[in-house]
Amino acid sequence: MKNQEIADIFGRLADILEIRGEEFFRVNTYRKVARIIEDLSADVADLVESGEILDIRGIGKGTVAGIEEYLETGGMRRYEEARKSIPKGLAELLSVPGLGPKTIGLLWREFDVKSIKSLKRTLRGKKILELPGMGPKKVENIEAGIRVYESRSGRLTLGTVLPAALATVAELRVATGIDEIEVAGSIRRWRETIGDIDILALSSKPAPVIKAFTELPRVVEVLAAGTTKASVRVSDGLQMDLRVVPPSVYGAALMYFTGSQAHNVRLRGLAQSKGLKLSEYGLFKGERRIAGRTEEGVQKKLGLEFIAPELREDRGEVEAALTGELPGLVELGDIRGDLHVHSNYSDGHSTIEEVARAAKARGYMYVSINDHSRSLGVAHGLTIERLLEQEEEIARVNQRVKGITVLSGTEVDILSDGSLDFPDDCLERLDVVVASIHSGFQQSEDKITGRILSAIRNPHVDIIGHPTGRLLGTRPAYDVDLEVVMAAAADTGTALEINAYHERLDLNDINARRAVEMGVRVAISTDSHHVDQMWAMELGVRTARRGWLTSANILNALTTKALLKVLSRT
DNA sequence: GCCGTTTTCGGCCCGACTGTTTTCAGTCG
């Protein structure tokens with residue numbers, strides 16, 4: 001699947017044209033095309049082949065011609081030509097905060113700046129101050145931007161940022177005495193990775209709130225502080241933005257600050273087509289504000305059903321909300337159990353009884369123990385003997401702990417040759433068989449897809465664990481043809497997992513959406529190695545919501561009885 | 001480059017903050 005490659009080309013093309021100072025709207029179109037292709041769940045080649053690609057808003061004939069050319073020749077002429085027109089490392093400078101395309105273009109033409117290195121050298125010189133609009137303060141800011149660029153680690157996972165963001169909000173509440181402070185931005189949309197923390201506060205007197213924000217102990221640098229908004233950098237390199245608004249515009253401001261940017265642009269365009277204007281200050285008809293206090297109010301006046309934050313990515317939610325076709329999204333309360341938890345029998349750190357009690361405390365009906373199988377030595381995989389002992393222990397815990405059903409399971413390895421790490425008569429005894437790949441990540445797409453297919457076709461396998469193997473920011477997905485996997489899973493009734501561990505979230509939102517479109521049932525599981533990790537179920541559910549899933553799509557939204565019936569495939 | 005029950009040409013989201021300005025350009029979200 002070449003979606004990412006093609007999206008990257010359009011993105012880089014946009015960068016180059018922007019630096020060259022081409023018309024903004026053409027640049028913007030390429031950016032949008034890049035995002036759309038990146039967000040596609042289906043193979044772009046299939047969509048081009050069938051012609052369906054032209055049904056997507058924002059993709060026109062010019063784009064399709066470019067994609068076809070790339071699919072046929074492996075290159076795109078307009079990109080190759082653009083690439084030759086500016087120095088190789090120049091576009092990279094767009095990643096320096098505070099440095100934009102206009103300045104980069106200017107520095108390149110006037111001073112032959114073509115890399116971070118030559119940029120630094122130029123900034124140290126005196127001549128740069130002769131440029132129009134350039135002063136000592138600007139030079140200083142660009143230098144600071146370079147330091148940030150060189151030190152920052154990229155986007156962090158939601159699971160690591162979320163606690164810090166909530167703590168900051170709590171601190172701000174104490175410092176300001178204001179209750180209505182909340183996290184917006186990509187955190188409120190529950191995106192899997194986070195670039196910065198956006199906070200919205202409701203107050204008619206912003207000055208003291210801005211002051212308290214810029215004086216928080218974690219703040220190492222104040223980037224900007226005005227009368228209604230401020231930006232700071234905190235100790236781990238992360239940026240935090242605060243916006244303070246009065247009650248009458250809180251809903252509109254929350255929408256604006258929650259994004260995504262693409263979603264906002266869509267809504268503002270929609271408002272425009274109705275002769276209205278939407279901004280963070282409300283929805284306006286002429287000079288008159290007709291909505292703004294609540295998100296629901298603004299969306300209703302735009303003719304929309306309420307769009308949950310998780311859906312606000314401009315992936316069709318606006319169209320669906322206009323026609324009343326948004327799905328009733330799954331909620332955390334719909335989840336009846338966790339179907340992938342490790343115990344101290346393998347590499348987990350909690351006893352089976354602790355897992356049972358933690359699951360009961362979460363209000364679950366059931367929880368499944370799925371320790372590693374014998375070949376995974378590093379994780380103390382269970383021998384068949386140990387597996388049988390564990391079965392007995394589970395029976396004892398079921399006696400001791402009432403009000404929860406502990407299911408016996410395994411996370412059986414899908415070995416390099418496609419066979420499973422336990423024999424069928426062993427798997428047959430268990431309630432919940434999760435099959436996962438933990439080795440041979442480098443194999444070819446055919447091989448890896450084949451391994452997963454043979455696991456899917458094994459009648460004892462109930463769920464494929466973390467189907468792509470990716471680790472956010474660490475390890476890319478292995479080469480697997482998910483279309484083929486999903487078709488097979490739909491055929492056999494095998495579920496695919498949304499592994500809720502914060503570095504996995506695998507399936508991700510887009511793949512989960514594709515899975516249910518193809519008729520696959522999804523299991524949301526935490527893969528917890530300690531009872532303290534079981535809260536991650538919320539990350540999984542939010543990912544499912546981002547994938548437009550309803551409780552009907554979720555295996556572990558079933559009651560114990562219904563679940564066992566599905567698992568036994570009678 | 002994309003798009004269209006007011007348009008096939010002429011638009012394309014909207015506003016805050018900063019640093020350089022003497023009314024605004026650049027950057028960001």
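In the text below, chain A, chain B and the rest are named by the order of the sequence lines, each starting its count at 1.
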Peer 1: Please table the atom pairs, donor to acceptor, closer than 3.5 Å between any side-chain atom in residues 196-206 of chain A and protein atoms at least two apart or in another chain.
Peer 2:
| unit_1 | atom_1 | unit_2 | atom_2 | d |
| --- | --- | --- | --- | --- |
| A/Ser203 | OG | A/Lys205 | N | 3.0 |
| A/Ser203 | OG | A/Lys205 | O | 3.3 |

Peer 1: Base, sugar-phosphate, or nothing for A/Gln272, non-hydrogen atoms under 4.0 angstrom?
Peer 2: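 Contact class for A/Gln272: sugar-phosphate only.
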
Peer 1: Against A/Arg312, only a single residue in A/Val318, A/Ile307, A/Asn264 fulfils side chain to side chain contact (heavy atoms under 4.5 Å, CB included); can you say which?
Peer 2: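 One option only clears the test, and that one is A/Ile307.
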
Peer 1: Heavy atoms under 4.0 Å, any strand shown: does A/Arg57 hit a base, just sugar-phosphate, or nothing?
Peer 2: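 A/Arg57: backbone/sugar contact only, no base atoms under 4.0 Å.
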
Peer 1: Please find the pair of heavy atoms, one from A/Leu216 and one from A/Glu171, that lie closest to each other, and give the distance.
Peer 2: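 Closest pair (atom of A/Leu216, atom of A/Glu171, distance): CD2-OE1, 3.7 Å.
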
Peer 1: Can you tell me if A/Glu182 and A/Tyr250 form a side-chain donor-acceptor pair at under 3.5 Å?
Peer 2: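 Indeed, the side chains of A/Glu182 and A/Tyr250 share at least one donor-acceptor pair under 3.5 Å.
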
Peer 1: Tell me, which of residues 29-43 of chain A have any heavy atom that sits under 4.0 Å from an atom in DNA chain B?
Peer 2: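 Hits under 4.0 Å, by residue number: A/Thr29, A/Tyr30.
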
Peer 1: Contact class for A/Leu276 (heavy atom, under 4.0 Å): base, sugar-phosphate, or nothing?
Peer 2: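 Here A/Leu276 touches no strand at all.
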
Peer 1: Quick test of your reading: applying salt bridge (Lys or Arg N to Asp or Glu O under 4.0 Å), list the pairs with at least one residue in residues 42-53 of chain A, sequence neighbours left out, ordered by first then second residue.
Peer 2: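 Residue pairs passing salt bridge (Lys or Arg N to Asp or Glu O under 4.0 Å), neighbours aside: none found.
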
Peer 1: Tell me what A/Leu267 touches on the nucleic acid: a base, only sugar-phosphate, or nothing, going by heavy atoms under 4.0 Å.
Peer 2: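 Touches nothing.
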
Peer 1: Return a table of donor-acceptor pairs under 3.5 angstrom between the side chains of residues 324-332 of chain A and protein atoms on other chains or two or more places apart.
Peer 2:
| unit_1 | atom_1 | unit_2 | atom_2 | d |
| --- | --- | --- | --- | --- |
| A/Glu325 | OE1 | A/Thr323 | OG1 | 3.0 |

Peer 1: Looking at residues 123-146 of chain A, who's got a heavy atom less than 4.0 Å off DNA chain B?
Peer 2: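 Correct list: A/Gly133, A/Met134, A/Gly135, A/Pro136, A/Lys137, A/Lys138, A/Asn141.
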
Peer 1: Return each pair, listed once, that meets salt bridge (Lys or Arg N to Asp or Glu O under 4.0 Å) where at least one residue sits in residues 87-109 of chain A; pairs must be two or more places apart or across chains.
Peer 2: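 For residues 87-109 of chain A: none.
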
Peer 1: Looking at every strand, decide which applies to A/Gln261 at a 4.0 Å heavy-atom threshold: base, sugar-phosphate, or nothing.
Peer 2: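 The residue A/Gln261 makes base contact.
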
Peer 1: Going by the side chain to side chain contact (heavy atoms under 4.5 Å, CB included) test, name the single residue among A/Thr543, A/Leu162, A/Val541 that passes it with A/Trp190.
Peer 2: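 Of the listed options, the one satisfying the test is A/Leu162.
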
Peer 1: Does either side chain, that of A/Arg514 or that of A/Ser41, offer a donor lying less than 3.5 Å from an acceptor on the other one?
Peer 2: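 Judged by distance alone, the side chains do not pair up.
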
Peer 1: Using a cut-off of 4.0 Å on non-hydrogen atoms, how would the nucleic acid contact of A/Thr228 be classed: base, sugar-phosphate, or nothing?
Peer 2: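 A/Thr228: backbone/sugar contact only, no base atoms under 4.0 Å.
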
Peer 1: Once salt bridge (Lys or Arg N to Asp or Glu O under 4.0 Å) is applied, do any residues pair with A/Glu150, and if so which ones, sequence neighbours excluded?
Peer 2: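 Applying salt bridge (Lys or Arg N to Asp or Glu O under 4.0 Å) to A/Glu150 gives A/Lys120.
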
Peer 1: Heavy atoms of chain A, cut-off under 4.0 Å: which first and last nucleotide of DNA chain B, 5' to 3', fall inside that, if you could look?
Peer 2: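 Both ends considered, the range comes out as B/dG1 to B/dG29.
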
Peer 1: So which nucleotide does B/dC9 pair with, by the Watson-Crick or G-U wobble rule with both distances under 3.5 Å?
Peer 2: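 Checking every strand shown, B/dC9 finds its partner in B/dG4, with both distances under 3.5 Å.
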
Peer 1: Give me the atom names and distance for the closest heavy-atom approach of A/Ala7 to A/Glu38.
Peer 2: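 Nearest heavy atoms, A/Ala7 then A/Glu38: CB-N, 3.8 Å.
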
Peer 1: Give one of base, sugar-phosphate or nothing for A/Ala271, where a contact means two heavy atoms less than 4.0 Å apart.
Peer 2: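 The residue A/Ala271 makes no contact with any strand.
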
Peer 1: Select base, sugar-phosphate, or nothing to describe what A/Val245 touches, counting heavy atoms under 4.0 Å on all strands.
Peer 2: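 It contacts nothing in the nucleic acid.
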
Peer 1: For residues 259-272 of chain A, which residue pairs pass the salt bridge (Lys or Arg N to Asp or Glu O under 4.0 Å) check, not counting sequence neighbours?
Peer 2: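 Applying salt bridge (Lys or Arg N to Asp or Glu O under 4.0 Å) to every pair that reaches into residues 259-272 of chain A, excluding sequence neighbours, yields A/Arg266-A/Asp314, A/Arg266-A/Glu319, A/Arg268-A/Glu280.
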
Peer 1: Once rounded to the nearest 0.5 Å, what's the spacing between atom CZ of A/Phe111 and atom CG of A/Leu106?
Peer 2: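 Here the rounded value is 8.0 Å.
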
Peer 1: Counting any heavy atom closer than 4.0 Å, what does A/Tyr281 reach on the DNA or RNA strands: base, sugar-phosphate only, or nothing?
Peer 2: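 A/Tyr281: backbone/sugar contact only, no base atoms under 4.0 Å.
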
Peer 1: Contact list please: residues 304-326 of chain A against DNA chain B, heavy atoms, distance less than 4.0 Å, in numerical order.
Peer 2: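 Going residue by residue through residues 304-326 of chain A, none turns out to have a heavy atom under 4.0 Å of DNA chain B.
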
Peer 1: In residues 65-78 of chain A, which ones come under 4.0 Å of DNA chain B, going by heavy atoms?
Peer 2: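 Under 4.0 Å from DNA chain B: no residue of residues 65-78 of chain A.
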
Peer 1: Drop me the distance from A/Glu296's CD to A/Phe306's CZ, to the nearest 0.5 angstrom.
Peer 2: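 One gets 4.5 Å once the value is rounded to the nearest 0.5 Å.
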
Peer 1: What integer number of Å spans the C1' atoms of B/dG4 and B/dC14?
Peer 2: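 B/dG4 and B/dC14 have their C1' atoms separated by 23 Å.
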
Peer 1: Test A/Glu192 against every option in A/Arg542, A/Arg546, A/Arg470, A/Arg155 by the salt bridge (charged side-chain N to carboxylate O under 4.0 Å, His left out) rule and name the one that passes.
Peer 2: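 Looking at A/Arg542, A/Arg546, A/Arg470, A/Arg155, the match for A/Glu192 under the salt bridge (charged side-chain N to carboxylate O under 4.0 Å, His left out) is A/Arg470.
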
Peer 1: A/Arg289 and A/Tyr281: side-chain donor and acceptor closer than 3.5 Å?
Peer 2: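 The answer is no; no qualifying pair exists.
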
Peer 1: Counting only N and O atoms by type, is there a donor-acceptor contact under 3.5 Å from the side chain of A/Ser115 to the main-chain atoms of A/Ser118?
Peer 2: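 Yes, because the side chain of A/Ser115 sits within donor-acceptor range (under 3.5 Å) of the backbone of A/Ser118.
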
Peer 1: What closest approach, in Å, do A/Leu131 and A/Glu110 show between heavy atoms, and which atom pair accounts for it?
Peer 2: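 So the two residues come closest at CD2-CG, 3.7 Å.
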
Peer 1: Using a strict heavy-atom distance below 4.0 Å, which residues from residues 100-115 of chain A are in contact with DNA chain B?
Peer 2: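 Residues of residues 100-115 of chain A under 4.0 Å from DNA chain B: A/Gly100, A/Pro101, A/Lys102, A/Thr103.
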
Peer 1: State whether A/Arg78 and A/Glu81 are salt-bridged, where the test is any N-O pair (Lys NZ or Arg NE/NH1/NH2 against Asp/Glu carboxylate O) under 4.0 Å.
Peer 2: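 Salt bridge absent between A/Arg78 and A/Glu81.
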
